[in-house]
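When a ligand or atom number is given, it counts from 1 through the structure's own listing order. As a basis for the values below, the full set of heavy atoms in this structure was taken, side chains included, without hydrogen atoms, waters or symmetry mates. What you see is a predicted model; the values in this text were computed from it and never measured. The residues of the chain are indexed from 1 along the displayed sequence.
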Amino acid sequence: MSARPRSRAAKAGLAVAGALLVAGTAVPAGADPTTTADRAASTMDTIVPAPESVKPNPAADFELTAQTAILAPGEAAGVGEYLAGVLRPSTGFPVPVNPALPGTGDIALALDGDPALGPQGYRLQVADEAVRVHATSTDGLFNGVQTLRQLLPAGIESPTAQPGPWTMPGGEITDKPRFGHRSAQLDPARHFFTVDMVKRYIDQVAKYKINKLHLHLTDDQGWRLQINSWPRLTEFGAQTEVGGTPGGYYTQQDYTEIVNYAASRHMTVIPEIDMPGHTNAALSSYAELNCDGVAPPPYTGIDVGFSSLCVNKDITYTFVEDVIREVAALTPGPYLHIGGDEAHSTTDEDYVAFMSKVLPLVEKYGKKPLGWHEYGKAAPKGDAVLQFWGTTNGDPLLNEAVARGNEVLASPANKTYLDMKYDENTPLGLQWAGFIEVADAYGWDPGSYLQGVPEESVLGVEAPMFSETLETSQHIEFMAFPRLPAIAELGWSPKGALNWESFKNRLAAHGPRLAASGQDFYRSPQIPWQE
Ligand code: ACM
């Protein structure tokens with residue numbers, strides 16, 4: 001396993017509070033959304049992630065007008081309303097959904113897709129008289145809609161009305177993902193992020209067909225999800241964060257709001273309760289969870305590996321079961337992430353003893369375990385998933401896992417960690433896994449990168465973002481974009497379409513889109529950004 005520094009601050013070489021505001025001033029977001037470039041027509045060759053098949057038909061451009069309606073019968077109506085919500089602010093058009101009288105030049109969303117498209121695929125046809133999206137499920141329609149918006153000029157992403165024309169290039173796209181699980185992660189434990197900040201990120205990553213949101217809800221610095229049976233976890237354990245500033249937490253109602261919002265973006269939330277390490281916030285909230293019965297003080301630094309639940313106390317398992325029961329009840333998706341990383345204060349023997357009591361609890365409450373790859377030491381059953389976060393291209397634990405039938409979620413830290421600096425000048429982030437420029441994030445193949453892990457054992461990819469240095473949405477955006485779209489493409493696009501020259505030129509067209517939407521991003525010198 002890769003050596004991770006116990007003191008991340010030492011490696012980071014950063015002044016945590018001081019450096020943080022620099023990103024925004026050095027890299028202003030928001031090009032003027034009324035420039036001609038923004039109004040220029042889009043083409044079919046700038047889509048990210050790259051679709052499986054694109055057949056342009058320059059004779060069949062479509063124009064979205066004040067008369068355009070969305071026809072989305074039955075279960076498609078929700079995706080229709082979502083699309084209307086994207087189109088109305090920037091076009092200023094009414095864009096009715098399922099009006100009594102169809103308009104002219106309508107956009108039709110239909111659940112009549114060819115079964116070969118699979119559960120997430122779609123076919124998008126742009127012709128001069130109409131646009132049609134076909135899929136077998138609303139997930140597929142939603143994915144098609146993300147492509148559709150990329151075919152409109154960049155100004156479509158603006159929150160305020162922009163001049164048209166709103167022309168879409170004619171042709172047909174047939175598309176489906178290489179991996180069904182494409183995940184982004186947020187860490188509201190190190191710095192708390194409000195519900196609105198999480199929703200903002202959900203909307204931003206959904207544009208790139210990310211369909212899972214992994215929330216790292218607990219760590220040494222804070223416990224961020226209300227647990228009714230153990231109220232001090234949040235009454236006490238959520239009060240601070242890294243740097244000692246006030247923390248915060250999600251009530252169960254807040255959390256459900258996030259889960260529902262994610263679902264409305266066809267995204268499943270995967271909650272992580274990290275254990276047995278990364279538990280100082282719990283240990284400081286309840287003295288009885290400590291082996292010596294003494295609660296440590298809250299922790300506001302960024303070291304790792306010093307805390308552990310008390311493996312030999314019965315109350316530990318009462319606690320863990322209560323937490324798993326409540327979290328499982330709030331979780332519509334199949335996975336519950338149990339952390340398991342960096343348990344440096346737990347012996348291997350204790351670690352395995354702990355996990356072998358916890359894994360059946362996950363199952364008892366109807367969930368499948370997901371955990372950082374170290375928990376492979378406990379030989380979890382075949383439906384468990386190991387999330388690889390090492391800085392090399394493999395680990396013996398993965399090979400044993402594959403032999404047991406476990407799947408692997410690929411998030412190699414030196415490729416996918418969005419909290420790593422881009423280069424030595426990046427004002428935010430850490431560097432223990434190295435600098436990650438856009439080409440590094442893009443430069444690996446999830447199906448063949450991990451030694452001894454065949455593509456059929458790869459569940460998908462994730463782009464984690466730990467937030468020791470990240471406090472605001474602007475910070476999140478500066479670190480995630482444009483590396484998140486790079487990882488999203490690795491998760492979605494066919495292997496044969498993965499090509500850096502192609503990606504960087506397609507990504508270049510996304511600068512004006514990101515800017516028009518009012519979000520920040522890093523203007524990497526590797527990308528020939530369009531203005
Ligand atoms: C991790 O970065 N400790 C999973």
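- Considering only residues two or more places apart in sequence or on other chains, Asp348 meets the side-chain hydrogen bond (donor to acceptor under 3.5 Å, both in side chains) condition with Lys377.
- Of the polar atoms of Glu342, at least one N or O is found under 3.5 Å from an N or O of ligand 1, judged by distance alone.
- Exactly one of Asn228, Ile273, Thr331 qualifies for a side chain to side chain contact (heavy atoms under 4.5 Å, CB included) with Glu326. That residue is Asn228.
- For ligand 1, the polar-atom distance check against Trp432 finds no nitrogen or oxygen pair separated by under 3.5 Å.
- Taking the six-membered ring for Trp and the full ring otherwise, Tyr299 and Phe306 have centroids separated by under 6.0 Å.
- Remark: ligand 1 and Tyr417 share an N or O pair separated by less than 3.5 Å (distance only, no angle test).
- With sequence neighbours excluded, the residues satisfying side-chain hydrogen bond (donor to acceptor under 3.5 Å, both in side chains) with Asp175 are Tyr122, Trp492.
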